[in-house]
Amino acid sequence: MHNNQPNKKAQTTRNDSLDVITGIMILWMICYHAFIWAKLTHDATYKIGLHLFYYFMPWFYFKSGMFFRPLCESNQSLIEYTIKCSKSLLMPLATWWLAGYLVIIPELIFLNNEPLWKIITTPVYTFLMSGDTLGNGPLWFFISLFVVKVSGYYISRYKHFYFSSIFIILVGFVLSKYKIILPLSLSTVPIGLLFYFAGYLYSKQSVIFKNKYLIILLILMLVICNYYYSSYVDVHLNKVKYGNYFIFSFASLLTIPVLIYLSEMISSKILSFIGNKSFYFFVLHWPVFYLVKAIYSRILSINMADVHGYIYLLLLISVALSVCLATIKMFGSNQLLFGK
């Protein structure tokens with residue numbers, strides 16, 4: 001979600017096509033979370049969205065991998081690289097996790113009657129045990145990407161390090177099959193590394209994927225794959241929702257190069273802008289959802305746990321987008337807390 005260019009290009013301008021894709025994925029992420037908050041996961045629109053955008057989490061690992069410089073090509077030590085990643089990922093994680101948790105504290109105190117010791121210890125315990133970030137749920141991705149980047153950098157000291165993905169994805173499959181949840185979101189690291197290394201390989205061989213006949217072949221394979229073996233893995237939980245773990249990984253790896261190829265034919269200032277400012281949308285929408293829920297339940301005089309429905313869904317999406325856009329307008333693009 002940070003502003004870079006693929007490692008094989010020395011351009012100073014942004015790649016708008018990547019921003020367009022990121023914009024689409026961020027918008028779907030917000031809608032995906034809104035459907036869950038509104039308790040509408042049975043809705044046909046939600047199910048269609050899952051089938052159309054099953055690769056939305058793989059995309060963010062893949063895109064990050066496109067900017068990866070392995071240890072053998074870099075003059076940074078592992079420690080220096082770890083410090084750099086800490087500043088770009090762990091500091092925002094801590095800041096926005098705290099901001100999100102502060103938003104839900106009133107509910108914990110006045111509605112749930114939680115004791116102070118539990119309010120203080122529960123988020124830390126939950127984070128250590130599973131990587132979940134209470135108050136701002138999506139931030140698990142920051143710790144996952146941090147581990148992926150640092151471990152990937154360490155692995156990259158070996159020649160042809162990307163072949164380790166074959167073994168790594170098997171580890172991810174075993175963890176998923178036996179429902180093993182590791183501390184600190186580590187269950188997501190194997191599948192994250194697969195797409196991260198795939199992004200790196202793509203950046204090195206991207207010219208191959210400019211061939212329209214190869215793209216047509218990939219599209220045909222995707223049609224067959226998704227028609228007969230449609231699959232979806234909740235990357236956060238490393239859990240198969242439907243289909244097959246390996247088919248999901250394979251289909252995502254096929255889809256992303258096709259998506260990049262097609263996105264180069266699309267010009268959308270709105271999507272490009274959202275993709276460029278994706279950090280804002282990512283860290284803000286969940287706390288905004290909570291505030292909308294609190295106000296909406298108060299207006300309707302119902303318990304917060306009972307809030308649901310289509311009107312609520314539209315409120316979540318529209319208010320979250322509005323607040324994110326207003327925040328971008330107010331703070332600009334050079335603030336440390338928003339991914340400078």
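From a predicted model like this one, the values you see are computed outputs, not experimental measurements.
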Any chance you could pull the hydrophobic cluster mates of I83, using side-chain heavy atoms under 4.5 angstrom and chaining through other members?
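Its cluster partners, ordered by chain and number, are I79.
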
Share the residues that join L314 in a hydrophobic cluster, the rule being Ile, Leu, Val, Met, Phe, Trp or Tyr side chains under 4.5 Å apart at the heavy-atom level.
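Grouped by the 4.5 Å side-chain rule, L314 forms a cluster of one, so the answer is none.
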
With the side chain counted from C-beta on, respond yes when [X] and [Y] share a heavy-atom pair under 4.5 Å apart, and no when they do not.
| X | Y | answer |
| --- | --- | --- |
| M221 | F250 | yes |
| L102 | L98 | yes |
| C225 | I247 | yes |
| M57 | M25 | no |
| L52 | W28 | no |
| V240 | Y232 | no |
| N226 | Y54 | yes |
| S268 | F273 | no |

Just checking [X] against [Y], ring centres under 6.0 Å apart?
| X | Y | answer |
| --- | --- | --- |
| Y312 | H308 | no |
| F62 | F195 | no |
| Y242 | F248 | no |
| W286 | W37 | yes |
| F53 | Y32 | no |
| F127 | W140 | no |
| H51 | Y46 | no |

Looking only at heavy atoms, what is the nearest atom pair of [X] and [Y], with distance?
| X | Y | answer |
| --- | --- | --- |
| V283 | N136 | O-ND2, 3.0 Å |
| E264 | K210 | OE2-NZ, 2.7 Å |
| A320 | V288 | CA-CG1, 3.7 Å |
| L253 | A198 | CD2-CB, 3.5 Å |
| F67 | L18 | CZ-CD1, 4.2 Å |
| P58 | V235 | CD-CG2, 4.3 Å |

Pair K239-S176, side-chain donor/acceptor within less than 3.5 Å:
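No, because no side-chain N or O of K239 sits under 3.5 Å from a partner of the opposite role on S176.
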
Donor on one side chain, acceptor on other, Q76 and Y153, under 3.5 Å
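Per modelled atom types, Q76 and Y153 side chains form no pair under 3.5 Å.
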
Ignoring hydrogens and geometry, is there a side-chain-to-backbone donor-acceptor pair from [X] to [Y] under 3.5 Å?
| X | Y | result |
| --- | --- | --- |
| S187 | I180 | yes |
| S278 | G275 | yes |
| N238 | G172 | yes |
| T95 | P92 | no |
| S230 | Y227 | no |
| N244 | F246 | yes |
| S231 | Y229 | yes |
| S165 | Y162 | yes |
| Y101 | I119 | yes |
| S74 | P70 | no |

Check for me, please, whether L214 and L222 land in the same ILVMFWY cluster - side-chain distances under 4.5 Å, paths through other members count.
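They do share one cluster, since a chain of ILVMFWY contacts under 4.5 Å joins L214 to L222.
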
Any idea how F68 and Y196 line up, ring-wise: parallel (<30°), tilted (30 to 60°), or perpendicular (>60°)?
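It falls in the tilted class, 30° to 60°.
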
Look at atom NZ of K177 and say whether more than 12 heavy atoms of other residues, nucleotides or ligands are closer to it than 6.0 Å.
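12 or below, so no.
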
Could you tell me the separation between the [atom1] atom of [X] and the [atom2] atom of [Y], rounded to the nearest 0.5 Å?
| X | Y | atom1 | atom2 | result |
| --- | --- | --- | --- | --- |
| L40 | F35 | CG | CZ | 6.5 Å |
| T255 | I260 | OG1 | CD1 | 11.0 Å |
| L313 | I36 | CG | CD1 | 11.5 Å |
| F60 | T22 | CZ | OG1 | 6.0 Å |

Sequence neighbours left out, cut at 3.5 Å: what donor-acceptor pairs do the side chains of residues 141-151 make with other protein atoms?
{"unit_1": "S144", "atom_1": "OG", "unit_2": "Y61", "atom_2": "OH", "d": "2.6"}
{"unit_1": "S144", "atom_1": "OG", "unit_2": "T188", "atom_2": "OG1", "d": "2.6"}
{"unit_1": "S151", "atom_1": "OG", "unit_2": "V147", "atom_2": "O", "d": "2.5"}
{"unit_1": "S151", "atom_1": "OG", "unit_2": "V148", "atom_2": "O", "d": "3.3"}

Taking only residues two or more places apart in sequence, or in another chain, which ones meet Y261 in a ring pair (Phe, Tyr, Trp, His ring centres under 6.0 Å)?
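If we apply the ring pair (Phe, Tyr, Trp, His ring centres under 6.0 Å) test to Y261, skipping adjacent residues, there are no hits.
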
All ring pair (Phe, Tyr, Trp, His ring centres under 6.0 Å) counterparts of F209, not counting sequence neighbours:
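So F209 forms a ring pair (Phe, Tyr, Trp, His ring centres under 6.0 Å) with Y202.
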
Applying salt bridge (charged side-chain N to carboxylate O under 4.0 Å, His left out), run through E73 and K204 and close with a yes or a no.
CA-CA 13 Å; E73 298 177 10; K204 289 293 186 183; 3.4 Å; yes

Begin from the C-alpha positions of F197 and S164 and carry the test side-chain contact (heavy atoms from CB on, under 4.5 Å) through to its verdict.
CA-CA 9 Å; F197 285 158; S164 64; 3.6 Å; yes

Could you pull out all residues at least two apart from L27 that satisfy side-chain contact (heavy atoms from CB on, under 4.5 Å)?
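Result, side-chain contact (heavy atoms from CB on, under 4.5 Å) vs L27: L271, I274, L321.
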
